[in-house]
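Shown next, in structure tokens, is the structure this report addresses.
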Amino acid sequence: MSMNAREVGKKDAPFEREPARRVFAAELRECRYQFKEGEEEKSPTFVLLPTGERSNRIYLVGTLTEKQRQGEQNLFYRGRVVDPTGTFFVMAGSYQPEAMQQIAKIETPAFVAVVGKPNLYQKDPASSPLVSVRIESINVVDKETRDLWVLDTAARTLDRIDAHAKGEGKDIEKAKEQYPTLDPAVFKKMAYEALAQIRI
Amino acid sequence: MDYSETAQRISRKFSQKNQTVDVLKIEGKLRRLVDEFGVLPSEAERSVTNELLKEFNLPVVTSSGGSGPGGATEQKKIADAIPGDWVTIEARVVSLSTPASAAIAQSGILADESGEIRFVVWAKANAPAMAEGLWYRIESAVVDEYRGIPSLKVHSGTTIKELGTANPLIPVPAQVIDLHTGVGSVRAKVVQEWDVTHERMLQQGLLADETGTIKFVLWKEPGKERLEIGSVYSIFYALVDEYNSRLSLNLSTATLMQEEGDMPTISGGDVAIRGAIVHIAPGSGIIKRCPVEGCNRALSRQNYCPIHEIQPKFVYDLRIKGWLDDGEKTHNILLQRDVVESLTKIPLDAAVQIAENNPLGMDEVFLRMRDALLGRYVICRGREIDNRLLVNSCERLTFESGEHSALLNRAGGAS
């Protein structure tokens, strides 16, 4: 549906759910910059991917290799999900009761699909920021779903690298500013290696 | 606190009536009322306005005697009346609706050749009751705004006279894209029906024509009947409201004419979306529906239908509501029973068995379906209207080695 005259001057756009970006662990690990769009308390926070796209939510599929229950009063789970390029650090706390129940009953190792929100945090002011993913949902899946995710994520990553090269996209300039030393070509190599690990 | 905005507003009101007022003086009066006397700002605005109205010998809304038509009242066409105006109009009552409050004697819609406007007759006005379909001369009424929509207020200073004219006035239905807040007439097709969200609501759903879609709501009132899905209607004099920056048609005041035949609507083509199911919403799985002919609403856990109340002889059904995400955009999806059965491999009778024999009941069906679908890649085909994809068919994606080698070439190609 096209925008029309009656939309002009409207304050809020109709609700749109933030899409879940596809990103390999090796790219997500490089994120150092996150920002908020808008002033309000509930405005979404975005982690800027080095290939030049904002992500408020990601969808990933990999192998849950470890999970750990932590905390007494504030119970939460940490886990490691491995893809062909590296490791995602995922967590579910008491604010995500459904995600906590889901991860509690998964036996490692298992292929899992995770939908969640990436966040940057620093262990102490001296260390470089780490990226963790706050789980919205986690579910056991099959190997075929994992393989489909690798194809999908490789395709999306290559699309972002192409857009970066052409300078098309609203966050490319920001990415060049924030990640001046990162050459997107390394992510092309990463995508190739991820694809090559899938046995046909 | 800043009073300049309020003062400006008052000043504008009077300049429309060709009177000049001292903005600074008004501001001072407002400040004194609010800061020194603790009067509510809205009340202070009213009081200052009324004081000035008296000063200029203009009719005051709250005065009980009724000062008759003031010098600044002009005879206007409806389309030219803007909020703040004192007007005299000649118009036809095209619709009467049930007043929302005891303070209101009559409410509805007035129309002339130029347009339509909502109106309210205050109970305090002691005005003669107007009848639907007749023309009246309404002298010295006030146009104001309610939720940003112009509305004509008949108060105790207004006089109403019936006119002998019998001009029938037939509005030309607009296209959906041209509707704006206020009053509208449109010719459109009922393309979706949604669950009602209030016990007084009779029906809600989506209307569409070639130019766009708009939500409609029909409230339970005597004589109101539900619209038939798939039918085309000419709708005259509906209230067009705005919620969350979307327009919505309230059909309470409208005259509806069901038409023969079909019409093209905006979503014409089917779409196919490949992506991952990233969320299964509550209300998915096995549900109970109201058995009353033509109702079919989803019942609450207590078997309660918002219209037909407790229905112990409900009918079971399957559905999935959720979000399908292609990495660029997330699509709201709705899967009906046959699609759910083929995708989850859980037929309705098996789901009923699970629901009736498992300690978790219907939740168990939800959990099994969620675990079978969440995080999976699928391709959904269907019609997308107003951001919701009504899915006709949905299947799991399978690994294509051709796609794999194409991507290997693409990733390895230039390096």
Side-chain angles (χ1 to χ4, degrees), chain A residues 1-2 4-7 10-23 57-61 98 102 111-115 136-145 147-159 161-162 185 187-196 198 200, chain B residues 176-181 208 211-214 240 242-247 266-267 274-280 282 323 325-332 367 370-378 384-387 396-401 403-415:
Chain A
M1 229 180 301
S2 65
N4 54 65
R6 78 179 191 228
E7 311 276 352
K10 295 286 161 61
K11 276 163 280 168
D12 316 300
F15 172 74
E16 276 211 23
R17 187 182 153 106
E18 290 291 338
R21 303 297 184 188
R22 321 297 205 237
V23 56
R57 175 177 279 128
I58 64 173
Y59 162 68
L60 63 98
V61 183
E98 199 185 339
Q102 285 174 310
F111 285 121
V112 291
V114 175
V115 179
E136 290 179 306
S137 74
I138 180 167
N139 203 21
V140 175
V141 295
D142 51 9
K143 181 171 177 299
E144 188 169 29
T145 303
D147 292 348
L148 285 167
W149 178 80
V150 173
L151 295 193
D152 186 18
T153 305
R156 292 293 173 188
T157 304
L158 294 172
D159 288 349
I161 294 168
D162 288 350
F187 299 117
K188 193 167 181 181
K189 193 156 170 282
M190 169 198 75
Y192 180 83
E193 281 162 8
L195 289 164
I198 298 180
I200 304 166
Chain B
V176 169
I177 199 167
D178 296 323
L179 291 172
H180 50 82
T181 50
T211 66
T213 59
I214 188 167
V240 190
E242 189 182 317
Y243 293 107
N244 298 329
S245 75
R246 288 201 169 188
L247 295 180
I266 190 161
S267 70
R274 285 162 58 113
I277 297 178
V278 293
H279 183 66
I280 304 282
W323 293 95
D325 191 307
D326 65 8
E328 298 296 322
K329 191 176 178 340
T330 312
H331 305 262
N332 193 210
L367 292 173
R370 184 195 70 186
D371 289 348
L373 298 181
L374 189 60
R376 300 325 197 276
Y377 279 98
V378 294
E384 189 161 37
I385 304 173
D386 209 33
N387 257 331
R396 294 278 296 271
L397 287 186
T398 50
F399 187 84
E400 303 277 343
S401 52
E403 202 180 327
H404 184 212
S405 22
L407 278 165
L408 274 168
N409 282 337
R410 190 179 162 199
S415 67

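Being a predicted model, the structure only gives us computed values, none of them experimental. Just so we're on the same page: letters track the sequence lines, and every chain starts at 1.
Comparing His331(B), Lys329(B), Arg370(B), His279(B) by how many heavy-atom pairs each has under 4.5 Å with chain A, the most go to Arg370(B). Interface check for chain B: of the options Gln102(A), Glu193(A), Lys189(A), Met190(A), the most heavy-atom pairs under 4.5 Å are formed by Gln102(A). If you tally non-hydrogen atom pairs under 4.5 Å between each of Leu148(A), Thr145(A), Val115(A) and chain B, the highest count goes to Leu148(A). In terms of heavy-atom pairs under 4.5 Å with chain B, the best-connected choice from Ala154(A), Ala155(A), Ala113(A) is Ala155(A).
A donor-acceptor pair is defined here as one N or O able to donate and one able to accept, closer than 3.5 Å; such a pair exists between the side chain of Asn139(A) and the backbone of Asp371(B).
Residue contact with chain B, scored on non-hydrogen atoms closer than 4.5 Å, involves the backbone of Val140(A) exclusively. Heavy atoms closer than 4.5 Å to chain B are found in both the backbone and the side chain of Asp159(A). Proximity to chain B (any heavy atom under 4.5 Å) is shown, for Arg17(A), by both the backbone and the side chain. Contact annotation for Arg274(B): neither backbone nor side-chain heavy atoms come within less than 4.5 Å of a heavy atom of chain A.
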>> Run the side-chain contact (heavy atoms from CB on, under 4.5 Å) test on Trp323(B) and Asn332(B) for me, step by step, so that the C-alpha distance in whole Å, both residues' side-chain angles and the decisive distance to 0.1 Å come before the verdict.
In response: CA-CA 5 Å; Trp323(B) 293 95; Asn332(B) 193 210; 3.9 Å; yes

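Taking 4.5 Å as the limit, every side-chain heavy atom of Leu195(A) sits out of range of all side-chain heavy atoms of Arg410(B).
Applying the side-chain contact (heavy atoms from CB on, under 4.5 Å) test to Glu400(B) and every residue at least two apart in sequence or in another chain returns Thr398(B), Glu403(B). Judged as a side-chain contact (heavy atoms from CB on, under 4.5 Å), and not counting sequence neighbours, the contacts of Glu18(A) are Pro44(A), Phe46(A), Asn56(A), Arg57(A).
Between Arg22(A) and Asp325(B), at least one side-chain N (NZ, or NE/NH1/NH2) sits under 4.0 Å from a carboxylate O, which counts as a salt bridge.
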